[in-house]
Amino acid sequence: MKNIVILTGAGISAESGLQTFRAADGLWHGHKIDDVATPEAYARDPNLVNEFYNARRRQLSEVKPNEAHLALAKLVKNWHRGEVLIVTQNVDDLHDRAAKEYGVPGHLIHLHGELLKARCTKTNFPTEWHGDILPDTVSPFDKTATLRPHIVWFGEMPFDMDEIYKALLKSSLFLSIGTSGNVHPASSFVEIAKRSGAHTVEFNIEPSVGNSLFDETRIGKATETVPAYVDELLRNE
Ligand code: APR
């Protein structure tokens, strides 16, 4: 059995036209994390926080999955030597759409939530949501409650950590694609995979903060390095 766990970050969506966070023109240079990405920011100014996510949600209709997203979906479809799990830090739906194109739903965890979902502020139930969220948008689960973005803000617990750790502990191959390695717990996944004997590969346009932890590095744009690597894997399967 050769199980594969793949971690992706904003860099895999960059060539689809979505901003990353820490590049010079990144989202965290246009907005302060403390203003738009914490529970305190939402309590203080729900309008500002909602608008930050409304703008990014609206942008999704203008972009599409790129060759890197599609190559990973092709790997999920054609890899028969074990399980493939994609764990994305991204809240866009580009992995989801690539998976749909290859007819392989599932195999995907959104560690930091999803732009196309909203969450009831009382029951915490999530629901598909493609429009804008306003501070007085009524929850479908409780008429006395409103909806918030289904996004993991700083200081909140990421989703599905048990499932992710279980997959890492039985992985033989760990790929990290387009992430700067700045944010926990995602930045620690490579060490857990290594402890389980996995071969670890980083794909980036430049070495990330945690690059020294990886066995192998493929420098280049994700739309070039990822399809090439997937073809290598499937050729040698
Ligand atoms: N191909 C491959 N890698 C790329 C490309 C590309 N075309 N373009 C940029 N990158 C790399 C950058 O070199 C950088 O290492 O993608 C990475 C993006 O890093 P960040 O902007 O820090 O994004 P990410 O690592 O996903 O951030 C993690 O931080 O703010 C939180 O919740 C937010 O999920 C996000 C988390």
Side-chain angles (χ1 to χ4, degrees), residues 4-30 52-79 84-117 128 130 150-151 173-183 186-187 189-190 200-208 211 214 216-235 237:
I4 306 174
V5 176
I6 303 165
L7 172 68
T8 68
I12 198 169
S13 297
E15 291 165 85
S16 291
L18 294 179
Q19 277 176 287
T20 61
F21 290 94
R22 294 171 181 82
D25 61 348
L27 284 163
W28 294 152
H29 292 268
F52 176 64
Y53 293 99
N54 289 342
R56 293 171 64 199
R57 188 177 304 106
R58 287 195 288 265
Q59 192 189 9
L60 292 182
S61 57
E62 299 154 17
V63 297
K64 60 185 183 33
N66 62 49
E67 290 310 313
H69 299 104
L70 293 167
L72 295 185
K74 184 168 98 176
L75 181 63
V76 171
K77 186 176 179 79
N78 297 300
W79 183 255
V84 180
L85 176 66
I86 299 171
V87 180
T88 188
Q89 299 172 92
N90 302 339
V91 293
D92 62 56
D93 65 331
L94 298 180
H95 279 303
D96 309 70
R97 284 193 255 164
K100 221 172 265 162
E101 274 190 49
Y102 272 84
V104 282
H107 305 274
L108 173 63
I109 288 177
H110 280 276
L111 183 67
H112 292 161
E114 299 175 63
L115 279 172
L116 293 181
K117 284 187 181 158
E128 283 296 313
H130 291 224
H150 186 54
I151 300 288
L173 180 62
F174 176 77
L175 312 180
S176 178
I177 304 170
T179 180
S180 61
N182 274 298
V183 173
S187 52
F189 291 171
V190 57
T200 58
V201 190
E202 169 160 80
F203 298 77
N204 204 310
I205 50 174
E206 60 185 10
S208 73
N211 179 255
F214 288 85
E216 197 184 338
T217 303
R218 301 274 174 122
I219 294 292
K221 289 183 170 180
T223 55
E224 289 155 15
T225 58
V226 175
Y229 191 81
V230 165
D231 287 346
E232 275 174 46
L233 278 178
L234 293 177
R235 243 194 327 274
E237 195 193 1

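Computed from a predicted model, the values in this text were never measured in an experiment. Hydrogens, waters and symmetry mates play no part in the numbers below; they use all other heavy atoms, side chains included.
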Subject >> Candidate pair I4 and L233, rule side chain to side chain contact (heavy atoms under 4.5 Å, CB included), full reasoning >> reply: CA-CA 11 Å; I4 306 174; L233 278 178; 4.3 Å; yes
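- Taking CG from N90 and OG1 from T8, the interatomic distance works out to 4.5 Å, rounded to the nearest 0.5 Å.
- In this structure, CD on E202 lies 8.5 Å from OG1 on T179, to the nearest 0.5 angstrom.
- Each of D92, L27, I151 was evaluated against R56; a single residue qualifies, L27, per the side chain to side chain contact (heavy atoms under 4.5 Å, CB included) test.
- Looking only at distances, no side-chain donor or acceptor of R218 sits under 3.5 Å from a matching main-chain atom of F203.
- Considering all non-hydrogen atoms of both residues, S16 and P65 come closest at OG-C, 3.9 Å.
- Rounding to the nearest 0.5 Å gives a distance of 5.5 Å between OH of Y102 and CG of L70.
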**OP:** Determine, step by step, whether T225 and N204 satisfy the side chain to side chain contact (heavy atoms under 4.5 Å, CB included) criterion, reporting the C-alpha distance in whole Å, the side-chain angles of both residues, the deciding distance to 0.1 Å, and the verdict.
**Re:** CA-CA 9 Å; T225 58; N204 204 310; over 6 Å; no
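- Side chains of H95 and S13: no donor on one and acceptor on the other come within 3.5 Å.
- Across all their heavy atoms, E15 and A222 have their closest contact at OE2-N, 3.2 Å.
- Closest approach of G181 to S187, counting heavy atoms only: O-CB, 3.5 Å.
- Between H29 atom NE2 and T20 atom OG1 the span is 8.0 Å, to the nearest 0.5 Å.
- Across all non-hydrogen atoms, the minimal contact from A71 to V230 is O-CG1, 3.6 Å.
- In this structure the side chain of V84 reaches within 4.5 angstrom of the side chain of I6, judged on heavy atoms.
- Using a 4.5 Å heavy-atom cutoff, the side chains of L115 and Q59 are not in contact.
- A 4.5 Å side-chain heavy-atom check between D96 and L116 finds every atom pair outside the cut-off.
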Original post:
Could you walk me through whether V5 and F189 pass the side chain to side chain contact (heavy atoms under 4.5 Å, CB included) check?
Top reply: CA-CA 10 Å; V5 176; F189 291 171; over 6 Å; no
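- Atom NE2 of residue H110 and atom CD1 of residue I86 lie 9.5 Å apart, to the nearest 0.5 angstrom.
- Residues R97 and V63 come closest through the heavy atom pair NH1-O, 2.9 Å.
- For Q89, the CD atom sits in a packed shell: over 12 heavy atoms of surrounding residues, nucleotides or ligands are nearer than 6.0 Å.
- Contact between F214 and T200 at its shortest, heavy atoms only, is CA-OG1, 3.4 Å.
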**OP:** Run the numbers on V183 and R22 for side chain to side chain contact (heavy atoms under 4.5 Å, CB included), then give the verdict.
**Re:** CA-CA 11 Å; V183 173; R22 294 171 181 82; 3.2 Å; yes
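- A distance of 16.0 Å separates NE2 in H69 from NZ in K74, rounded to the nearest 0.5 Å.
- Under the 3.5 Å distance criterion, the side-chain polar atoms of H150 are left unmatched by any main-chain donor or acceptor of G113.
- Electrostatic pairing of E101 and K64 does not count as a salt bridge here, judged by no charged N lying under 4.0 Å from a carboxylate O.
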